[in-house]
Undergrad: 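Take a look at this one; I'll ask things after.
We use all heavy atoms of the structure for the numbers below, so side chains are in, but hydrogens, waters and symmetry mates are not.
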Amino acid sequence: MKSLMTTEQLLQGLKHYRRIARQDLLRAPETPYPDAFRTHAEARRTVYGELEAFAAQHASEDVIEHALSLYRSLPFSSGTPENEYAEIKGRENGLENFFLMVALDPRTRREARSQRPKLSALIAGTAAGQGVSPEA
């Protein structure tokens, strides 16, 4: 996987995305589902912070591979109501924004997406006392 961005460019881009997520946090009360919108923005902001910290210690190609690994671990939440699973959807959105920023090959993203677990596995894990509970 070849990256066209330097680590410094990655860091600048991630800081920019964190600022946008921060602005979204401030406008959450104006949305139809303020708690879900806030959780979504916080999750994106957290993803960008995690990637920033990783980028400070690793090459840009390693950061992209790390982001792909995070993406592969996220369960699918597509098709669920807008205000449910906001943290998962926020992390997914944050990672997808990162992939757009680094101009990741769409085929690579599709391959990673195909390896993601189903949401039913998350729900089963939650029922057994493991995993993350649904967000409202």
Side-chain angles (χ1 to χ4, degrees):
M1 180 177 344
K2 199 173 209 178
S3 174
L4 302 176
M5 298 182 84
T6 65
T7 301
E8 186 57 37
Q9 290 169 323
L10 278 181
L11 290 169
Q12 288 176 343
L14 288 165
K15 285 178 186 175
H16 175 73
Y17 278 147
R18 280 185 71 208
R19 285 191 294 269
I20 292 171
R22 174 71 176 134
Q23 290 171 353
D24 286 348
L25 283 170
L26 297 174
R27 58 182 214 120
E30 304 164 9
T31 65
Y33 303 105
D35 291 337
F37 196 86
R38 183 179 307 102
T39 299
H40 188 282
E42 287 171 347
R44 287 189 349 256
R45 195 162 188 252
T46 299
V47 164
Y48 303 141
E50 290 169 3
L51 293 175
E52 275 184 73
F54 197 85
Q57 304 293 322
H58 298 85
S60 56
E61 292 83 10
D62 295 334
V63 178
I64 294 168
E65 190 53 50
H66 178 66
L68 282 166
S69 175
L70 294 173
Y71 190 68
R72 284 184 201 103
S73 71
L74 284 176
F76 281 109
S77 58
S78 302
T80 60
E82 177 184 354
N83 62 323
E84 290 184 10
Y85 305 104
E87 183 169 347
I88 294 169
K89 291 175 181 178
R91 290 186 68 79
E92 176 183 45
N93 185 236
L95 290 164
E96 289 177 349
N97 287 341
F98 174 76
F99 297 147
L100 289 172
M101 180 182 80
V102 298
L104 183 69
D105 175 46
R107 187 175 135 218
T108 303
R109 190 178 71 77
R110 279 193 307 272
E111 287 173 4
R113 185 173 177 82
S114 72
Q115 298 169 2
R116 291 173 55 189
K118 295 185 184 319
L119 185 59
S120 58
L122 172 74
I123 294 169
T126 301
Q130 306 164 1
V132 181
S133 61
E135 310 266 342

Undergrad: Whether Glu92 and Arg113 form a salt bridge (side-chain N of Lys/Arg under 4.0 Å from carboxylate O of Asp/Glu) is what I want to check.
TA: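 Salt bridge present between Arg113 and Glu92.
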Undergrad: Between atom CG of Asn93 and atom CG of Asn97, what is the distance when rounded to the nearest 0.5 Å?
TA: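 Reported to 0.5 Å precision, the distance equals 4.5 Å.
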Undergrad: Atom OG in Ser73, atom CG in Leu68: separation rounded to 0.5 Å?
TA: 11.0 Å
Undergrad: As an exercise, state the distance from CD of Gln9 to CG of Leu14, rounded to the nearest 0.5 Å.
TA: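 If we round to the nearest 0.5 Å, Gln9:CD and Leu14:CG are 12.0 Å apart.
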Undergrad: Distance check, rounded to the nearest 0.5 Å: Leu74 atom CG versus Glu87 atom CD?
TA: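 The CG atom of Leu74 sits 9.5 Å away from the CD atom of Glu87.
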Undergrad: Could you verify whether a donor N or O on one side chain and an acceptor N or O on the other, from Thr39 and Lys89, lie under 3.5 Å apart?
TA: no
Undergrad: Count I, L, V, M, F, W, Y as connected when their side-chain heavy atoms are under 4.5 Å apart, and connections chain through other members. Are Leu51 and Leu100 then in the same cluster?
TA: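 No.
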Undergrad: If you count the non-hydrogen atoms of other residues, nucleotides and ligands that lie under 6.0 Å from CD in Glu82, is the total more than 12?
TA: no
Undergrad: When rounded to the nearest 0.5 angstrom, what distance separates CG in Leu119 from CD1 in Ile88?
TA: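 Separation between the atoms: 5.5 Å.
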Undergrad: How are the rings of Tyr71 and Phe99 set relative to one another: parallel (under 30°), tilted (30 to 60°) or perpendicular (over 60°)?
TA: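 Perpendicular.
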Undergrad: Before accepting this row, confirm whether a basic side-chain N of the pair Glu65/Arg72 lies closer than 4.0 Å to the acidic partner's carboxylate O.
TA: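 Looking at Glu65 and Arg72, the cut-off is met.
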Undergrad: On the ring face of Phe76, is Arg116 found with NZ or CZ under 6.0 Å from the centre and within 45° of the axis?
TA: yes
Undergrad: Does the distance from a Lys or Arg side-chain N to an Asp or Glu carboxylate O, for Arg91 and Glu50, drop under 4.0 Å?
TA: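 A salt bridge links Arg91 with Glu50.
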Undergrad: Decide, yes or no, whether a salt bridge links Asp24 with Arg38 under the criterion of side-chain N to carboxylate O below 4.0 Å.
TA: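 No, Asp24 and Arg38 are not salt-bridged.
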Undergrad: Give, for atom CD1 of Ile64 and atom CZ of Phe98, the distance between the pair rounded to the nearest 0.5 Å.
TA: 5.5 Å
